[in-house]
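Report on one structure; see the data block that follows.
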Number of protein chains: 2
Amino acid sequence: MAEAPAPQGGSGLLFLTDEQLRKGIEAMFFAYRGFTADPDRILENRDMGRAHHRAIHFIHRSPGTTVSNLMALLGVTKQSLNRVLRALIAAGLVEVRVGRRDRRERHLHLTEEGAALERELSNAQRERMRAAYRTAGPVAVAGFRQVLEAMMDDDSRRQYEALAGRGG
Amino acid sequence: MAEAPAPQGGSGLLFLTDEQLRKGIEAMFFAYRGFTADPDRILENRDMGRAHHRAIHFIHRSPGTTVSNLMALLGVTKQSLNRVLRALIAAGLVEVRVGRRDRRERHLHLTEEGAALERELSNAQRERMRAAYRTAGPVAVAGFRQVLEAMMDDDSRRQYEALAGRGG
DNA sequence: CACAATACGTCAGCCTTGTTGACATTCCAA
DNA sequence: TTGGAATGTCAACAAGGCTGACGTATTGTG
């Protein structure tokens with residue numbers, strides 16, 4: 001498998017055949033399943049799911065983010081998000097602080113316990129990612145990210161870059 | 001294999017930092033959203049969803065596949081799959097043929113209409129993939145696939161390779 | 001042949017996670 | 001003061017997962 005990329009010799013653009021594209025599509029499908037498997041396993045003991053993981057991830061990533069900010073990031077309605085946040089707050093994982101400048105806003109933070117769960121989840125996911133990165137090597141990783149970024153919707157890419165620009 | 005954005009040498013393995021891994025994780029999240037956006041849009045007019053798309057894809061990919069084969073591929077229960085298949089059959093998109101060697105088996109095929117929808121869906125998805133591939137270039141595409149393959153569970157990788165070996 | 005196992009369909013009920021719609025509250029800003 | 005923004009919440013619903021249980025052909029095996 002994984003026949004070399006055939007750096008456009010003779011017939012050129014061989015990597016754009018329908019067959020190559022289809023393989024990419026199927027690779028995304030199967031890889032995403034692996035990508036979510038570990039956190040899913042961890043959370044199923046806790047009466048939580050992928051939605052909670054995503055919220056925890058982005059609250060950790062942008063401490064103090066507001067509800068509407070998180071809504072836009074996750075691409076869900078406030079009702080859907082609210083249900084998840086309520087569970088996280090009830091479980092003592094997330095803390096809400098009323099905005100100081102604008103007191104309508106709710107700023108979201110992880111509690112100590114929430115941060116601990118975040119670490120557990122992201123350690124599992126990072127471990128898989130690290131193994132994949134190590135197997136594939138730095139050049140492959142650069143390509144991986146390039147293709148993923150090119151695959152995003154414009155809105156998502158902006159959000160992704162806004163995040164990426166922050167911590168890194 | 002020695003051009004691409006060199007992984008800024010020096011301290012080595014810089015591509016394995018937590019920050020790099022986190023970026024990869026977020027890239028997967030946002031890219032997968034784009035990846036599924038086009039088919040989702042097409043199907044929402046038809047009272048169908050992602051589950052139907054996945055079934056159609058793999059039936060197209062492996063014509064004559066059995067129900068249990070498809071179950072394993074999709075990673076869902078027969079009850080869940082059955083609901084989807086019933087809808088597809090009722091809509092005249094999928095045809096069922098009783099197995100000749102083993103008449104307990106049901107072999108699944110797309111009808112003409114089903115094949116037409118499959119083309120519409122995969123054209124949309126391939127178009128996005130093609131644009132991403134073109135933007136990123138062949139070296140990046142090879143890396144993309146390498147990382148995705150390394151990220152899969154062993155089972156998924158076997159299924160992926162079995163598919164890939166077929167039509168490839 | 002009798003019986004176990006396989007492949008499949010189906011009913012019933014449950015869960016998560018998404019949706020719309022409607023309404024209340026609080027607060028900023030013009 | 002008033003309109004609109006940000007948020008919370010209730011209700012109802014749908015898609016698409018799940019488990020458990022049962023039924024029915026069909027096939028393989030002792």
Side-chain angles (χ1 to χ4, degrees), chain A residues 29 32-33 36-37 39-59 64-91 94-109, chain B residues 29 32-33 36-37 39-59 64-91 94-109:
Chain A
F29 171 71
Y32 201 79
R33 187 191 283 176
T36 57
D40 283 358
R41 249 191 304 276
I42 293 172
L43 286 168
E44 78 181 4
N45 307 324
R46 304 214 187 204
D47 277 7
M48 298 199 190
R50 215 171 280 181
H52 303 79
H53 178 201
R54 292 194 286 251
I56 288 173
H57 175 97
F58 285 113
I59 292 172
T65 188
T66 64
V67 173
S68 38
N69 200 340
L70 201 51
M71 268 171 59
L73 220 43
L74 298 173
V76 301
T77 60
K78 66 174 174 176
Q79 293 90 330
S80 209
L81 176 56
N82 192 256
R83 177 169 33 198
V84 169
L85 286 179
R86 238 181 309 175
L88 292 175
I89 293 165
V94 165
E95 183 191 352
V96 176
R97 300 184 198 154
V98 173
R100 283 189 309 175
R101 283 204 326 247
D102 184 338
R103 303 201 311 193
R104 290 169 304 180
E105 294 182 344
R106 302 300 133 99
H107 298 275
L108 305 168
H109 300 263
Chain B
F29 171 71
Y32 200 77
R33 187 191 283 176
T36 57
D40 283 359
R41 248 191 305 277
I42 292 172
L43 286 169
E44 78 181 4
N45 308 322
R46 306 214 188 203
D47 276 7
M48 298 200 188
R50 219 171 279 181
H52 303 80
H53 179 201
R54 293 195 286 251
I56 288 174
H57 175 97
F58 285 113
I59 293 173
T65 188
T66 64
V67 172
S68 39
N69 199 339
L70 200 50
M71 269 171 58
L73 221 43
L74 298 173
V76 300
T77 60
K78 66 172 174 175
Q79 293 92 328
S80 213
L81 176 57
N82 192 256
R83 177 170 32 195
V84 169
L85 285 180
R86 237 182 310 176
L88 291 175
I89 292 165
V94 165
E95 184 190 353
V96 176
R97 301 184 199 153
V98 172
R100 282 189 309 177
R101 285 202 327 244
D102 185 338
R103 301 201 312 193
R104 290 170 302 181
E105 294 182 343
R106 302 299 131 102
H107 298 274
L108 304 168
H109 300 262

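Each chain gets a letter, A, B and so on, in the order the sequences are listed, and its residues count up from 1.
For the pair B:Ser80 (side chain) and B:Thr77 (backbone), a donor-acceptor distance under 3.5 Å is absent.
Within residues 52-59 of chain B, the residues having any heavy atom under 4.0 Å from DNA chain D are, by residue number, B:His52, B:Arg54.
To the nearest 0.5 angstrom, B:Leu81 atom CG is 8.0 Å from B:Leu108 atom CG. Interatomic distance, CG of B:Asp102 versus OG1 of B:Thr66, reported as 9.5 Å (0.5 Å rounding). Interatomic distance, CZ of B:Arg106 versus CZ of B:Arg104, reported as 10.5 Å (0.5 Å rounding). Atom NE2 of A:His107 and atom CZ of A:Arg97 lie 10.0 Å apart (nearest 0.5 Å). Atom CG of B:Asn82 sits about 7.5 Å away from atom CD1 of B:Ile89, to the nearest 0.5 Å. Within the model, atoms CZ of A:Arg54 and CD1 of A:Ile59 stand 13.0 Å from one another, a figure rounded to the nearest 0.5 Å.
Separating the CZ atom of B:Arg97 from the C1' atom of C:dC8 is a distance of 18 Å, rounded to the nearest angstrom. If you take CZ of A:Arg86 and P of C:dT16, they are 14 Å apart, rounded to a whole angstrom. The distance from atom CG of A:Asn82 to atom C1' of C:dT17 is 14 Å, rounded to the nearest whole Å. One can place CE of B:Met71 at 10 Å from C1' of C:dC8, the figure rounded to the nearest angstrom. The distance between atom CG of B:Leu85 and atom P of C:dA7, rounded to the nearest whole Å, is 16 Å. Nucleotide C:dC8 holds its C1' atom 11 Å from the CD1 atom of B:Ile89, rounded to whole Å.
Of all nucleotides in DNA chain D, those with any atom nearer than 4.0 Å to a heavy atom of chain B start and finish, going 5' to 3', at D:dG16 to D:dT27.
End-to-end axis angle for the helix from C:dC1-D:dG30 to C:dA30-D:dT1, using five pairs per end and rounding to 10°, comes out at 20°.
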Polar-atom pairs under 3.5 Å, protein N or O versus N or O of nucleotides 25-29 of chain C: list them with distances, or write none.
residue: C:dC27; atom: OP1; partner: A:Arg103; partner atom: NH2; Å: 3.3
residue: C:dC27; atom: O2; partner: A:Arg104; partner atom: NH1; Å: 3.4
residue: C:dC28; atom: OP1; partner: A:Arg101; partner atom: O; Å: 3.2

Shorter than 3.5 Å, N or O on both sides, protein versus nucleotides 19-22 of chain C: list them out with atom names.
residue: C:dT19; atom: OP2; partner: A:Thr77; partner atom: N; Å: 2.7
residue: C:dT19; atom: OP2; partner: A:Thr77; partner atom: OG1; Å: 2.9
residue: C:dG21; atom: O6; partner: A:Gln79; partner atom: NE2; Å: 3.0

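With sequence neighbours excluded, the residues satisfying side-chain contact (heavy atoms from CB on, under 4.5 Å) with B:Ala87 are B:His52.
Across every non-hydrogen atom of B:Leu43 and B:Gly49, the tightest pair is CD1-O, 3.3 Å. In terms of heavy atoms, B:Ala72 sits closest to A:Arg33 at O-NH1, 4.5 Å. A:Leu88 approaches A:Ala55 most closely through the heavy-atom pair CD1-CB, 3.9 Å.
In this structure, the ring of A:Phe29 has its center less than 6.0 angstrom from the ring center of B:Phe58.
For the pair A:Val84 and B:His107, both in contact range of DNA chain C, the more 5′-proximal nearest nucleotide belongs to B:His107.
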Under the side chain to side chain contact (heavy atoms under 4.5 Å, CB included) criterion, do A:Asp40 and A:His53 qualify, and how do the steps go?
CA-CA 8 Å; A:Asp40 283 358; A:His53 178 201; 5.8 Å; no
Going through the distances and angles, do A:Thr36 and A:Arg50 end up as a side chain to side chain contact (heavy atoms under 4.5 Å, CB included)?
CA-CA 8 Å; A:Thr36 57; A:Arg50 215 171 280 181; 3.3 Å; yes
